[in-house]
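Report on one structure; see the data block that follows.
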Amino acid sequence: MATGRLGVGETLGALNAALGPGGPVWFKETRARHLRVRDFLAPRQALRARFGNEQVPEHVFHAVASLQGPGVAPVLRCAPTPAGLALQLQRPAVFQRVLGSVASYATPTRPASPGPRVVLHCPALRCSPDALRLSQLRAVLVADHLARTLRTQGMCVHLVPAVRDPHMPTFLQKLRVDWPTASARASTETLKSRVLAELTSLHDGETLPPGVLGRLCLKDLLEEQGHRAGYDPSVDNCLVTEDLLSVLAELQEAVQHWPEDNYQSLTVAPDAGVDSCIVVHVVSCEEEFQQQKLDLLWWKLDDQAPLRQKHLVCGPVKVAGAPGTLMTASEYYESRHTQVCKASALKHGGSLAQDPAWIEIFGVLSVATIKFEMLSTAPQSQLHLALTDSSISTKGTKSGTFVMYNCARLATLFEGYKRCMEQGLYPTFPPVSSLDFSLLQDEVSALLEYLTQAVPLDFASQHPCTPQGEWLLLFNSVLPFSDLLSQTAVLTCISPGLRVTAHTEMVCKFLIQLSMDFSSYYNRIHVLGEPRPHLFGQMFARLQLLKAVREILHTGLAMLGIPPLNHI
């Protein structure tokens, strides 16, 4: 039997290569109604552009039908349809390959060589929770999530600043944000000497505000090649303070000295030069202009400053019915926490506020609500918040509460199997290699084949049936998960310009869709069926699939810093 992890990217690459020279044509289907008849499609329009009005050459059909290679999923058939060239995989074989090695699909794939070292700088963490605006909180959550995803791809990440406000660590702990705290301030003496030297001939005798060491001109740096792209042309002078130099000193320290634990399982040397380092400033849109000044000041005062500084600018946060600036991050958390407690009390009854187990659940649900609200929208876009109780309902399919509810349903399912096994109703779980995954073929597959023989294909496609959902869960959730995490960790740092984009919304959107697909499947299918021996084969095949779904869900939640729930 073939071994090795199957991949959507590898399969698409092989399919496009089979068509010959040219750009990519094939794409993966995701919608349930399309997955009833095909898994990949090469659209008719794209094929015409490639081959003209002629039919697809016979050798191309042969190449696609006999597709093989590392990571390439086995093909069942390929046929021309009105929509284009449709391909369906050998689904039982794919089930067997994927569910026989769940860990390799639920665990992020590390690249052969480590990526660049990344300093993630989030200026918002220099203030207190009571002064933290919602747009700054968004930047903090984006930075934390980005750090987790970069590390899963083997990158060495250093977080700056180390938190000094005495109340901030407690607040970050509530939010499940993993960020370092400070022990001592970095020395600013070298930077101060450089500032004073620059000031000598520039502003002799100038009267400056209290606490300001001097004023430095930054305009000359904007005119240098490599520094001007993307910077605001109105950046001119910068008032240099001790606090500003302290910020620079901490950034210098981060670039020059990396924590030893960042180098576990990495081949890059801890003393690698600054040229191998990227500094990404994760800022709210209100902080961007000040950060541009800081970038230029760093280059002016430090000859060893990294050449690559990028800005990940988080869009504004708008609260329905009120300006976002009226609510602080601390007030926002308390509002969501109160709503979670109220909704849980209404649903379960009684007083849950004093129960230690429920106190923990309330905290996790509050964090899930906030993180899914803040991270489900692309960080560069404007974010709209509706601070109503509906945002924490398990009935809404777009909330973090809905995701956690389905996480708890999975836990309850496996706990139910365990209890029944201990009571002797079900046998112990058999070896995965002995499971028959052909039992997972959707019930509608046979019906569709019958319909296509009795009536025209276009009639059958216009009268869709509801699929059982197992292939949907495997093909849209388990199989592409590793590719998704790789895409989330991509930073376009080599492109020209100041701003960098990140896809930190992808994990939230993925988990929401996974939860919707699982919920739909779970509501239709009674997984733990009657304890009859002839039904055990299908039950165990389904349980193995849902084990994979559970592992994917847990790994995705870990990327967000949210622990799974066993009940809700």
Side-chain angles (χ1 to χ4, degrees), residues 6-12 14-16 24-44 46 64-65 67 71-99 105 397 437-453 455-484 509-525 538 541-542 544-546 548-549 552-553:
L6 299 178
V8 173
E10 290 87 341
T11 303
L12 283 171
L15 284 171
N16 285 311
V25 171
W26 292 90
F27 68 87
K28 173 187 174 295
E29 292 288 7
T30 57
R31 295 185 178 182
R33 66 188 181 94
H34 292 151
L35 288 173
R36 295 186 187 105
V37 292
R38 63 180 184 248
D39 299 318
F40 296 92
L41 179 71
R44 178 173 293 275
V64 171
L67 208 64
V72 177
V75 175
L76 175 63
R77 58 174 169 259
C78 178
T81 69
L85 202 57
L87 180 139
Q88 191 174 68
L89 301 177
Q90 298 178 25
R91 293 183 176 182
V94 175
F95 272 118
Q96 187 74 45
R97 289 274 297 275
V98 175
L99 299 182
Y105 295 88
T397 57
F437 291 108
S438 65
L439 298 172
L440 292 182
Q441 290 191 23
D442 293 351
E443 292 172 354
V444 296
S445 296
L447 177 61
L448 188 60
E449 288 186 16
Y450 169 80
L451 284 174
T452 56
Q453 294 173 12
V455 297
L457 179 61
D458 58 348
F459 176 87
S461 64
Q462 292 169 17
H463 295 75
C465 307
T466 302
Q468 192 170 325
E470 281 123 358
W471 180 250
L472 194 70
L473 285 169
L474 184 105
F475 194 60
N476 281 351
S477 299
V478 182
L479 186 61
F481 182 64
S482 290
D483 290 342
L484 172 112
K509 288 184 174 180
F510 174 87
L511 294 180
I512 288 171
Q513 187 60 55
L514 168 60
S515 299
M516 291 171 63
D517 291 341
F518 165 72
S519 181
S520 177
Y521 173 74
Y522 189 78
N523 289 336
R524 292 196 310 269
I525 304 300
Q538 187 179 57
R542 286 173 172 169
Q544 182 64 17
L545 169 64
L546 294 183
V549 170
I552 296 294
L553 182 58

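Values reported hereafter were calculated over all heavy atoms of this structure, with side chains retained and with hydrogens, waters and symmetry mates removed. Keep in mind that what you see is a predicted model, and the values were worked out from it rather than measured.
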Within a strict 4.5 Å, meaning less than it, do heavy atoms of the [X] and [Y] side chains meet?
X: Asn476; Y: Lys28; result: yes
X: Leu440; Y: Leu99; result: yes
X: Lys509; Y: Gln513; result: no
X: Leu473; Y: Val478; result: no
X: Leu67; Y: Leu15; result: yes
X: Glu29; Y: Leu41; result: yes

Would you say the side-chain atoms of [X] pair up with the backbone N or O of [Y], donor to acceptor, closer than 3.5 Å?
X: Ser520; Y: Met516; answer: no
X: Arg77; Y: Gln88; answer: no
X: Gln90; Y: Val75; answer: yes
X: Ser438; Y: Pro92; answer: no
X: Tyr105; Y: Ile552; answer: no
X: Asp517; Y: Gly469; answer: no

Fit a plane to each ring of Phe475 and Trp471, take the angle between them on a 0 to 90° scale, and name the class: parallel (under 30°), tilted (30 to 60°) or perpendicular (over 60°).
parallel

Do the ring planes of Phe95 and Phe437 sit parallel (below 30°), tilted (30 to 60°) or perpendicular (above 60°)?
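The rings of Phe95 and Phe437 lie parallel, inter-plane angle below 30°.
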
Where do [X] and [Y] come nearest, in terms of heavy atoms and distance?
X: Leu6; Y: Val72; answer: CD2-O, 3.5 Å
X: Asp483; Y: Gly7; answer: OD2-C, 4.4 Å
X: Ala83; Y: Arg38; answer: CB-NH1, 4.0 Å
X: Ala86; Y: Thr81; answer: CB-CG2, 3.8 Å
X: Ala73; Y: Thr11; answer: N-OG1, 3.1 Å
X: Val64; Y: Cys78; answer: CG1-SG, 3.7 Å

Please identify which of these residues, Val549, Leu546, Leu472, meets the side chain to side chain contact (heavy atoms under 4.5 Å, CB included) condition with Tyr521.
Leu546

Working to the nearest 0.5 Å, report the span between CG of Leu553 and OG of Ser477.
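These two atoms lie 9.5 Å from each other.
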
Under the side chain to side chain contact (heavy atoms under 4.5 Å, CB included) rule, what do Phe481 and Leu514 come out as? Steps first, then yes or no, please.
CA-CA 11 Å; Phe481 182 64; Leu514 168 60; over 6 Å; no

Test side chain to side chain contact (heavy atoms under 4.5 Å, CB included) on Asp39 and Arg91 and set out the steps.
CA-CA 10 Å; Asp39 299 318; Arg91 293 183 176 182; 2.6 Å; yes

